Amino acid sequence: MPTALLAEDEPLLLAELKEALADLWPELVVVAETGDGAATLAALRQHAPDVAFLDINMPKATGLDVARMRPPGTAIVFLTAYGQHALDAFDVGAVDYLVKPLNRGRLLETIERLRSRLEQPAAPAAQQAPAAASVQAPRYLSWIQASVGSMVRVITVDEVIFFQSDAKYTRVATSQVEALIRVPVKDLAAQLDPEEFIQVSRGAIVNRRRIEAIYRREGQVEIRLKGRPEVLQVSAGFQSQPALRQM
């Protein structure tokens, strides 16, 4: 059973988070609830949970401080009223960054991300050492800052359904929002994990997990997506990619 620690210094918010997790992730076992940084760090060391939901602004030590000293293997999710800490949060390896008030739909996306992470088996230490010594795995983009109106939002790349060129910008489409970034599609392609994303034209990149169906007829190939109404055309020069042909 997956285990979690909940750290929140406001009792009502702590109760709300606990209730939401019970509804959305019933198999999750909450092993500790804390209200300040010092108690949180002690509980992390005692229980070494699979995941810790941390408020950032806690007394005695911030959630960021706690995250830097967490046990190996504990995934971190920040839940805070302040958006300005997002860069610091991902610098310490946070899986996600949720902004209060708690949104259950957004929390469910985080839970699915955590479930996927926990389901991945860890390689035996004997297999890990030679690989680490011989080659360092490439570091792909894991999150982006995108403009949504006058707001800048932090979006993790696995939320993205597709990227598409839009004049001087690149459109970022998720199931809930559309945003804009200044990085062109051709530069994004080199920064995204090819196991997760596939470029289907000079102006579009698609999340492979979000592909619902691929239609091929008379030399034309189009992609229909989960959670979006758009139909994306696959350019002729991209139709022969092995990753696309295997689908």
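The model shown is predicted, which means the values in this text are computed figures rather than measured ones. All values below come from the heavy atoms of this structure, side chains included, with hydrogens, waters and symmetry mates left out.
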Can you check whether [X] reaches [Y] side chain to side chain, under 4.5 Å on heavy atoms?
X: Glu196; Y: Arg210; result: no
X: Ser235; Y: Val200; result: no
X: Gln220; Y: Tyr215; result: no
X: Val95; Y: Arg113; result: yes
X: Leu192; Y: Val160; result: no
X: Arg171; Y: Glu178; result: yes
X: Phe197; Y: Phe163; result: yes
X: Glu109; Y: Ser175; result: yes

Could you grab the distance from atom [atom1] of [X] to atom [atom2] of [Y], nearest 0.5 Å is fine?
X: Phe53; Y: Leu107; atom1: CZ; atom2: CG; result: 6.0 Å
X: Leu5; Y: Thr74; atom1: CG; atom2: OG1; result: 8.5 Å
X: Asn207; Y: Glu159; atom1: CG; atom2: CD; result: 10.5 Å
X: Ile214; Y: Leu232; atom1: CD1; atom2: CG; result: 11.0 Å
X: Leu13; Y: Lys100; atom1: CG; atom2: NZ; result: 5.0 Å
X: Lys60; Y: Thr34; atom1: NZ; atom2: OG1; result: 11.0 Å

ask   = Would Glu212 and Leu225 count as a side-chain contact (heavy atoms from CB on, under 4.5 Å) if you check the C-alpha gap in whole Å, the side-chain angles of each, and the deciding distance to 0.1 Å?
value = CA-CA 5 Å; Glu212 182 174 84; Leu225 304 161; 5.8 Å; no

Grab the two heavy atoms, one from [X] and one from [Y], that are nearest each other, plus how far apart they are.
X: Leu17; Y: Leu6; result: CD2-CD2, 4.1 Å
X: Glu8; Y: Leu14; result: CG-N, 3.6 Å
X: Glu27; Y: Pro2; result: O-CD, 3.8 Å
X: Ala52; Y: Leu44; result: CB-CD2, 3.9 Å
X: Ala204; Y: Gln199; result: O-CG, 3.4 Å
X: Val31; Y: Pro49; result: CG2-CB, 4.2 Å

Say whether, by atom type as modelled, one donor and one acceptor occur between the side chain of [X] and the main chain of [Y] under 3.5 angstrom.
X: Asn103; Y: Arg106; answer: yes
X: Arg228; Y: Ile161; answer: no
X: Thr170; Y: Val183; answer: yes
X: Arg115; Y: Glu112; answer: no
X: Asp55; Y: Met58; answer: no
X: Thr3; Y: Asp50; answer: yes
X: Arg224; Y: Pro229; answer: no

key: Verdict with supporting geometry, Arg217 and Glu222, side-chain contact (heavy atoms from CB on, under 4.5 Å)   = CA-CA 9 Å; Arg217 53 178 176 268; Glu222 63 183 30; 3.4 Å; yes

key: Test side-chain contact (heavy atoms from CB on, under 4.5 Å) applied to Ile111 and Leu28, step by step   = CA-CA 10 Å; Ile111 290 170; Leu28 183 70; over 6 Å; no

Given the rule that I, L, V, M, F, W and Y join up when any side-chain heavy atoms are under 4.5 Å apart, are [X] and [Y] in one cluster?
X: Leu79; Y: Val30; result: yes
X: Leu102; Y: Leu24; result: yes
X: Ile211; Y: Phe238; result: yes
X: Val157; Y: Val185; result: yes
X: Val177; Y: Ile181; result: yes

inquiry  = My understanding is that only one of Thr174, Val172, Val206, Ile205 makes a side chain to side chain contact (heavy atoms under 4.5 Å, CB included) with Phe162; could you say which?
reply    =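 That would be Val206; it is the only one of Thr174, Val172, Val206, Ile205 passing the side chain to side chain contact (heavy atoms under 4.5 Å, CB included) with Phe162.
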
ask   = Yes or no on side-chain contact (heavy atoms from CB on, under 4.5 Å) for Lys168 and Arg182, after CA distance, side-chain angles and deciding distance?
value = CA-CA 7 Å; Lys168 297 180 180 180; Arg182 290 184 178 273; 5.8 Å; no

ask   = Got a sec: does the CZ of Arg209 have more than 12 other heavy atoms crowding it under 6.0 Å?
value = no

ask   = Does CZ in Arg202 sit with more than 12 non-hydrogen atoms of other residues, nucleotides or ligands closer than 6.0 Å?
value = no

